[in-house]
Amino acid sequence: MKVLFATSEFTDFAKAGGLGDVSAGLPRALRYRDIDVRVLLPAYPEVIAKASDITIVAHLPGRAGIEPCCIGQTFTHDGLPLFLVLEPSLYQRIGSPYAAPDGHDWPDNDVRFARLSLAAAEIAAGTAGMNWAPDLLHVNDWPGGMAPAYLRWQGARIPTLLTIHNIAYQGLYHRDRMQTLAIPESAFDVNGVEFHDRISFLKAGLFYADHVCTVSPTYAHEITTEALGGGLHGLTSGIAAEGRLSGIVNGIDETWDPSRDPHLPHHFEADDLSGKQSNADLVRTGLCLRHSDGPLFGVVSRLVHQKGLDIVAETARDIVYEGGQIAILGLGDPDTEHMLSRLARSHRDDIGLLIGFNESMARRIVAASDFCLMPSRFEPCGLTQMQAQRYGTLPIAHRTGGLADTIQDGETGFLFSELSGEGLLAACRRAFDAYDDPEVLSEMRQAAMARSFLWSGAAEEYARLYANLIGQCLPQAVPVTRRRTRRATDELATAA
Ligand code: ADP
Ligand code: GLC
């Protein structure tokens, strides 16, 4: 089975959040199952700097306002094949995959990710002039959303899978970009890419992909509801009703192992947690917190509304009052950063804050903490709570999405349903009680550390899904939107 996995993040080189980890972890696990997965990603500066021996394997022409590009092939240190979309005018910039260092999105993100999507579609359709073409195209989130659409407009019938990691990010653009993005006029329709009079890359993916997957079963249900469907619940409910929506929980990679994580000053195992205590001492010293025998609550997060940092702030005073301390590492919205800075300043001895994106610090804080706070408003999967459990750190989390699916309430962590300061505080009080009872604490830590969360489980489910899609889709002669597709194909040719 040959699969092209298109993504905008890949942790070995460029990561903004969990998508980078998934893109690095899942394809590797799939290769263990003998699936020939190749990852397609933009050649950001970090990729060019770290990748070795890039060989040009294709030259793709431009289309409408989408620049031509080259496809370079390289391999990760452990042999995973990567295809890089090389176009310096689009990707050679200092910043995150999506934004400039000042936090503003790159103004041409529509063309940048249309280029990624179009490259994916051309390789998948076998029109890129390469000596490899996949049996299935797997795209991720809005940056890959246009790929199934370009394929459909080209009349290609290779099966496509869209994984939604977060339906709140949709890639919305003004309708006057239609021609630039080589979108046929007829596709600007409720049955197409249109969403409230704008072009939606994610909607395109949802509408044109053969199958849609999210990163946990609970989130797969939640995106069909008005509350969490991001305005797309009508479409997602229809897809679910047709049996084309599934949820597969992510894994975490094997380096999240407290007995050998090179980022940790002190290693530890389930039956000897003294190293965990030493890490906590170091984190306290590093953040200038006073020595304490009370519990340490960790937060490692993107600082965005989704993650409920305002709820952490609301509860922080009570946590400190009851003898806890809080270590926070995050990067994101300036307003949230300021709010947390004020909080840390008003509790200098007990609340430590680091603003930044730092893998080592993230791992140290997760390893050092007794509990980790995740009052996310929604959480498609969440990796931090799984990483925390592996390190004997009990998550305290809102009962939503992947948090509900990966934390066993009262056994490996604490879940709360009422999303408010009181809801979080009540769960923290349960955590304080557990902390005060060494037997309960030890039992819960052991149970949490015994969970593996390895990628192999998810890889098996994806492999089964791929096989079904390849088996089901190829013989299918008539796509639901056949007439529109014909017309769209003609118009695409005109636009080009
Ligand atoms: P999301 O993708 O929504 O940000 P996840 O929990 O799925 O949330 O994944 C977040 C990933 O990013 C985890 O691997 C976490 O350790 C990492 N991470 C988040 N914030 C930081 C940070 N400030 N520094 C380093 N790593 C971070
Ligand atoms: C998104 C989600 C997060 C998920 C990650 C990887 O960023 O917010 O919950 O774990 O993608 O799938």
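Atoms within a ligand are numbered from 1 in the order they appear, just like the ligands themselves.
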Could you list each nitrogen or oxygen of ligand 1 that sits under 3.5 Å from a protein nitrogen or oxygen, with the atom names and the distance?
residue: ligand 1; atom: 2 (O); partner: G18; partner atom: N; Å: 2.5
residue: ligand 1; atom: 3 (O); partner: R302; partner atom: NH2; Å: 2.8
residue: ligand 1; atom: 3 (O); partner: K307; partner atom: NZ; Å: 2.8
residue: ligand 1; atom: 4 (O); partner: R302; partner atom: NE; Å: 2.6
residue: ligand 1; atom: 6 (O); partner: L383; partner atom: N; Å: 2.8
residue: ligand 1; atom: 6 (O); partner: T384; partner atom: N; Å: 3.4
residue: ligand 1; atom: 6 (O); partner: T384; partner atom: OG1; Å: 3.3
residue: ligand 1; atom: 7 (O); partner: L383; partner atom: N; Å: 3.3
residue: ligand 1; atom: 8 (O); partner: K307; partner atom: NZ; Å: 3.1
residue: ligand 1; atom: 9 (O); partner: G18; partner atom: N; Å: 3.4
residue: ligand 1; atom: 14 (O); partner: K15; partner atom: NZ; Å: 3.2
residue: ligand 1; atom: 14 (O); partner: D21; partner atom: OD2; Å: 2.7
residue: ligand 1; atom: 14 (O); partner: Q387; partner atom: NE2; Å: 3.0
residue: ligand 1; atom: 16 (O); partner: Q387; partner atom: OE1; Å: 3.3
residue: ligand 1; atom: 23 (N); partner: G356; partner atom: O; Å: 2.8
residue: ligand 1; atom: 24 (N); partner: N358; partner atom: N; Å: 3.0

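The pair R390-D261 fails the salt-bridge criterion, with no side-chain N (NZ, NE, NH1 or NH2) lying under 4.0 Å from an Asp/Glu carboxylate O. Using a 4.0 Å cut-off between charged nitrogen and carboxylate oxygen, D409 and R430 count as a salt-bridge pair. Look at D310 and R377 and you find a salt bridge, because one of the NZ, NE, NH1 or NH2 atoms lies within 4.0 Å of a carboxylate O, short of that distance.
When ring centroids are compared, F201 and Y173 come within the 6.0 Å threshold. Here the two rings, on Y435 and F432, have centers that are 6.0 Å apart or farther. Taking the six-membered ring wherever Trp is involved, the centroid distance between the rings of F113 and W142 falls below 6.0 Å.
Contact atoms of ligand 2 toward G18: 5 (C), 6 (C) (distance under 4.0 Å to a heavy atom of the residue). Each of the following atoms of ligand 2 lies closer than 4.0 Å to a heavy atom of N166: 8 (O). With ligand atoms numbered from 1 in the order given, ligand 2 contributes 6 (C), 10 (O), 12 (O) to contacts under 4.0 Å with heavy atoms of N250. The ligand atoms of ligand 2 that sit less than 4.0 angstrom from a heavy atom of G382 are 3 (C), 4 (C), 9 (O), 10 (O).
The side chain to side chain contact (heavy atoms under 4.5 Å, CB included) check on L343 picks up A313, A316, L340, H347, I351, with sequence neighbours excluded.
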Set out, in order, the CA-CA distance, both residues' side-chain angles and the distance that settles side chain to side chain donor-acceptor pair (under 3.5 Å) for Y98 and E9, then state yes or no.
CA-CA 10 Å; Y98 316 107; E9 297 179 34; 2.6 Å; yes
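Using modelled atom types, one finds a donor on one side chain and an acceptor on the other under 3.5 Å when comparing K276 with T393.
Counting heavy atoms under 4.0 Å from ligand 2, residue D21 does not touch it at all.
Among all protein heavy atoms, the one lying closest to atom 7 (O) of ligand 2 is R302 NH2, 4.0 Å. With hydrogens left out, the protein atom closest to atom 2 (C) of ligand 2 is H165 O, 3.2 Å, a heavy atom. Protein heavy atom in closest approach to atom 3 (C) of ligand 2: E379 OE2, 3.3 Å. Among protein heavy atoms, the minimum distance from atom 8 (O) of ligand 2 is reached at Q306 NE2, 3.2 Å.
Between E379 and the choices H398, K307, Q385, the side chain to side chain donor-acceptor pair (under 3.5 Å) rule is met once, by K307.
Of the possible polar contacts, none joining the S200 side chain to the L172 backbone as a donor-acceptor pair under 3.5 Å is found.
In terms of polar-atom proximity, V22 is not counted as a contact of ligand 2, lacking any N or O under 3.5 Å from an N or O of the ligand. Considering both main-chain and side-chain atoms, C381 comes within under 3.5 Å of ligand 2 through a nitrogen or oxygen pair.
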